[in-house]
Amino acid sequence: MRTIFDYEKRSGTGGILPKLDVPECGVGKLLPKGLIRRAEPRIPNLSEPEVVRHYTALSKLNYGIDDGLYPLGSCTMKYNPKVNEDVARLPGFASVHPTANPELAQGSLAVMYKMSRLLCGITGMADVTLQPAAGAHGEITGMFLLKRYFETRGETQRTRILLPDSAHGTNPASAATAGFSVTEIASGPDGLVDLNVLSGELDDTVAGVMLTVPNTLGIFEENIVKITAMVHAAGGLCYFDGANLNAFLGHARPGDMGADVFHFNLHKTMSSPHGGGGPGSGPVAVSESLVPFLPVPRVREDGEHYSLDWEQPQSIGSMHSFYGNFGVFLKAYAYILTLGDEGLHEAGENAVLNANYLQERLKKTYRLPYDRLCKHEFVLSGKGVGEGISTLDIAKRLIDYGFHPPTIYFPLIVHEALMIEPTETESKQTLDRFAEALERIATEARENPQLLHDAPHTAPTRRLDHTRAARHPILTYPFGE
Amino acid sequence: MRYIPNTDADRKAMLAAIGRSSIEELFADIPQVVKDRFQPLGLSPKSEMEVRTEFDSLAQENEAANAISFLGGGIYDHYIPSVVQHITSRSEFYTAYTPYQPEIAQGTLTAMFEFQTLLCELTEMEVANSSMYDGGTALAEAAMMAARVSGIRKIAISRALFTHYRRVLDTYCWASGIKITEIPTIDGHCDFSRVPSGVGGVIVQSPNAFGVIEDLAGVKEAIGDALLIVAVNPVSLGIVAPPGQSGADIVTGEGQPFGLPASFGGPLLGLFATRKAYLRHMPGRLVGQTIDADGNIGYTMAAQTREQHIRRGKATSNICTNVQLCALAATVYLASLGGDGLRDLAVLNLEKAHYLADQLSALPGCSLKYMAPFFNEFVLRVPGDPQKIRAGLREEGILVDDPAHMEALGITGALSFAVTERRSRDDLDLVVDLVGRML
Amino acid sequence: MGYPTQYRYTKDHEWVELDGKRAKVGVTDHAQSELGDVVFVELPTVGTAINRGDTLGTVESVKAVSDVYAPLGGVIVEVNSELEASPETVNADPHGTGWLVVLEVSDLSEVDALLDAAAYEKLVAEE
């Protein structure tokens, strides 16, 4: 692919910025020689049509939700409503500086406050911070909150976090950042937390558990109330990874299940676009006992008047330069206002129905390690589809059928995993076509396996050599080579 | 609900296919006690038209949106070329997922490869990641990386950091058990003669919180084995000597000035660049060049074994989603401006800021707090109460930073000003005139 | 590829070639096959003292990172620096030129706990 560095050098394309309108002093007079750049950065100068064609061409090499189904498990790739994009772009919001006097940013503060209240209502929890910029950021925020909580109680011997072996990689990584050690709990044969194993691990060195509800197999922890009660009885707290909130949106609330900390992924459940890898937003809701430790500043309301409150002596400090990804809040807030209670309930219903429908059809062709009611996602295995055929081969062949592959090789407790989450914004017709594609691929796996090994055939590139990329990293444009 | 394509007939057929008689049955796995506790929000759905009206009305309550801004602190009012938003609004870019399937994500991956390259060119560092959340967390990650690499859980930081950078650093260092010592400032810049020994990293910001450009010559050599971490304003690198030239080990920054609106502080764009020798210790996503089965060049995520989805508890960072679309905006911004345009931009900022500084410091009782070289931000000593001046300017629709921020850094009786290419000569002369009349 | 009978093995898929007090250590063919293409090998520095069961390094493939455990306690006296430029040697010749470290064994009685080739082959077959 041509990069901007591959174009012929050229200069003086200018015209975006006006000429200097104050008397010129000269860089040499204003800065000592030692502080001035010696070498020019090799940034090309392209005409506007070239820039536009270049990035337009690049965009066509991508696949987004607007192109088709994106059944990535635990990613909730639902439709990104366009009205959300428009309201997020209003100049009245976009041009406000974060350190502007709060009196002059009442509209933005109102959005933050009102959305915070709605997020508390959705979770049934006491309060929320909007600062975390992504789910993983929410996780470390949660871990920091736990750390401060136990510090203030003099229980610093609580250094362990328990989590199931099906946990997303960010969970142990987040716990480790906060200085906790991680104990993995093996899931039972039903894919759920084994209460006996959990009980055996619970003692006064445990700070808490990190659970994804439903778990990454798409199965709801039916013992969730028991689990949280057990952890609380042992003096620990319960962190819920909210990546899978779409499974029970409008039906149940994590606060009612015993969660003490819960993070949202607004770029999943609340329809904000994924942007090719962000920006996201990971607000963290907490139970009453953790409220004093929330990051500063807090947004306060006093009769339709909003302010920023920095006086929180027990706060963990700040997790973000300012207040979080405000631009993403606008989209999520617009989404929640659009849906209302009715829409939230419908979203959860249709997400779960779509997943169960697909699961029922596909289990006839693929191994379903946990054959039971799922929530919004389910996990198949690519094992046994064909001799020498891997899940990777199946995924790459799906690309030729015009679909983005599901999540592969996760969760780790299923070999050759294929994690599928259709979301509620897909039609039965799309699901049928997807299932048909997977069924055809299973047949091809037996009759013409090379087709899978060599896939994709019709994507902008053929299969890429990751080994080469990893062994001989070329991480910047190879100028002069 | 218009976002849900399935009809009642579809749902009926699907329920029949799975042998269920109602959707409620699909929620039988949620404990009844939990379902009984459920309470709705008490929110009726709004039509699209009503949503637009609601947001229009909220936006109108932001008086700051129409003001002439001299606010800075890492977030600046720069001109965003039209091309940027046209490209980032293409749905193939903004509705795409993280590029775990590179064959159908070459758009995102190529642009990120460009972004990494542009950042390395600007900073004169060897490798850059494809973004972190913001300048504050990028700096915190740099501190944690220095502790990892050196094995010493102590860092020294310049006093002259933005207060919000300091807050985030304090939080992350407390949580990860890294001790912070402060390096004092002298005449507005970091006193490098007072860097403590026995630390794993030294953090400096340039231009610093006072707008002063730090002279890094000889600093790396003076701090022994500690990693030199420099937090930058990337626009300044259009003319200011980059930290890579002075042997910096890690460079971080806030990339908002490159094509992103202020947006009340988010989303932002964390910049992170380092040396190739530290590759395995660095956080964040990296995009690398490779070839496909036909031998054609393509791009893919590289060195993923550092990341959470493989390394899990031993990952260099837990970061997963970053701010890819913001990095794309920055890439398109730099491509539009070009190297020449970036230099012009930096010169405009430098000259205009100095013009304002000269004019203001000529007013009775006013003077520049520091005589050190600065880029586009400076601190002005004013007679009387700076809050009064700030309030007076606000009445005329002009915004300057709350003096409390400078007070937190030990400077009283002063106002700070950030000047960008968006402030016309008329804007600047107006401010001088208004301040003059208030004195 | 068979498993050399003169080597000893661990259940974590390391092999040991003993020569007096010197033990050459590597990962087995089974390990390299499970990992896939090796892209990076992290090795300890010469002179490091290590106990049996400690992590002495890692072997990274594109999709996974595997800890390498010390089959015996001792001091690292040699590391295979070829692997820095050619990590793929671990895949190509895991039992030969793909060796990782040589250590000087502190307690030879620990060798008794290691598996012989037949026992290791049985273990692999059962996995």
Side-chain angles (χ1 to χ4, degrees), chain A residues 1 21-22 41 43 45 55 58-59 61-66 87 90 92 94-98 100 104 106-108 121 133-134 136 144 169-170 172-174 176 220 256 273 275-280 317-318 321-322 325-327 340-341 352 357 360 427-428 459 461-462 464 469 474 476-477, chain B residues 5 10 14 18 29 37 40-41 43 45 55 58-59 61-65 71 87 90-92 95-96 98 103-104 106-108 117 121 133-134 136 164 167 171 175 261-267 288-290 292-293 298 302 308-309 312-313 315 318 320-325 338-339 355 425:
Chain A
M1 302 311 119
D21 59 356
V22 298
I43 300 177
N45 293 290
Y55 290 102
L58 284 187
S59 75
L61 303 175
N62 260 19
Y63 178 105
I65 313 167
D66 282 5
V87 301
L90 288 170
S95 59
V96 180
H97 193 283
L104 307 176
Q106 290 292 298
S108 297
F144 290 5
T170 51
S174 304
F220 197 90
D256 298 330
S318 293
S321 293
F322 302 103
N325 283 347
F326 182 79
D341 285 318
V352 171
Y357 174 73
E360 189 64 28
S427 69
K428 177 176 175 297
T461 68
R462 303 297 304 282
L464 288 160
I474 303 172
T476 52
Y477 183 79
Chain B
D10 289 324
M14 292 165 78
I18 61 178
D29 48 1
R37 289 175 187 157
L41 300 170
L43 201 64
F55 276 76
L58 285 166
E61 289 172 43
N62 281 339
E63 289 172 54
L71 297 169
I87 298 298
R90 292 185 69 84
S91 69
E92 299 92 334
T95 72
T98 306
E103 296 84 7
I104 48 178
Q106 288 299 296
T108 298
T117 305
E121 284 298 300
Y133 306 131
D134 65 338
H164 56 271
R167 256 198 319 272
T171 300
S263 193
F264 207 46
Q289 183 179 304
T290 184
D292 75 352
Q308 52 76 29
H309 54 289
R312 297 174 67 88
N318 77 335
C320 184
T321 292
N322 48 11
V323 292
Q324 217 71 102
L325 199 70
Y355 173 79
R425 182 171 181 164

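This is a predicted model, so every value here is computed, not measured. Reminder, nothing fancy here: chain letters follow the sequence lines and each chain counts from 1. Worth knowing before you read on, the calculation uses all heavy atoms, side chains too, and leaves out hydrogens, waters and symmetry mates.
- Chain A forms more heavy-atom pairs under 4.5 Å with one residue of B/T95, B/T98, B/L43 than with any other, namely B/T95.
- For the pair B/Q106 and A/L464, the minimum side-chain heavy-atom distance is below 4.5 Å.
- Every residue was checked against the salt bridge (Lys or Arg N to Asp or Glu O under 4.0 Å) condition with A/D341, not counting sequence neighbours, and none meets it.
- The closest donor-acceptor contact from the side chain of B/T321 to the backbone of A/A134 lies at 3.5 Å or more, if one exists at all.
- At a threshold of 4.5 Å between non-hydrogen side-chain atoms, the residues A/S59 and B/I87 do not count as touching.
- Using cut-offs of 30° and 60° for the angle between ring planes, the B/H164 and A/F322 rings count as tilted.
- With values rounded to the nearest 0.5 angstrom, A/L61 atom CG is found 9.5 Å from B/E92 atom CD.
- Counting heavy-atom pairs closer than 4.5 Å to chain B, the top residue among A/P273, A/G280, A/G317 is A/P273.
- Between chain B and the options A/I43, A/V96, A/L104, heavy-atom pairs under 4.5 Å are most frequent for A/L104.
- No donor-acceptor pair under 3.5 Å is formed between the side chain of B/D10 and the backbone N or O of A/S427.
- Between chain A and the options B/R90, B/E61, B/E103, heavy-atom pairs under 4.5 Å are most frequent for B/E103.
- Residue with the most contacts toward chain B among A/Y477, A/Y63, A/F326: A/F326 (heavy-atom pairs, distance under 4.5 Å).
- When all heavy atoms are compared, the tightest approach of A/G277 to B/N322 is O-OD1, 2.6 Å.
- Closest approach of A/V22 to B/Y355, counting heavy atoms only: CG1-CD2, 3.6 Å.
- For A/I65, the parts sitting under 4.5 Å from any heavy atom of chain B are the backbone and the side chain alike.
- Heavy atoms closer than 4.5 Å to chain A are found in both the backbone and the side chain of B/R167.
- When the candidates B/G265, B/A96, B/P40, B/A293 are compared by the number of heavy-atom contacts under 4.5 Å with chain A, B/A96 comes out ahead.
- Heavy-atom pairs under 4.5 Å with chain B were tallied for A/P98, A/G121, A/A100; the largest tally goes to A/P98.
- The salt bridge (Lys or Arg N to Asp or Glu O under 4.0 Å) search around B/R425 returns B/D429, not counting sequence neighbours.
- In this structure, B/F264 and A/H97 approach most closely via the heavy-atom pair CD1-O, 3.8 Å.
- For the options A/A136, A/G340, A/S321, heavy-atom pairs under 4.5 Å to chain B are most numerous at A/S321.
- Highest contact tally toward chain A, considering only B/L58, B/I18, B/L71, B/N62, is held by B/N62 [criterion: heavy-atom pairs under 4.5 Å].
- The candidate from B/P267, B/A65, B/A64 with the greatest count of non-hydrogen atom pairs under 4.5 Å with chain A is B/P267.
- In terms of heavy-atom pairs under 4.5 angstrom with chain A, the leader among B/G288, B/A59, B/S91, B/P261 is B/A59.
- Ranked by heavy-atom pairs under 4.5 Å with chain B, the first of A/A469, A/A459, A/S108 is A/S108.
- A distance of 9.5 Å separates OG1 of A/T461 from CD1 of B/I104, quoted to the nearest 0.5 Å.
- When all heavy atoms of A/N62 and B/G107 are compared, the closest pair comes out as OD1-N, 3.0 Å.
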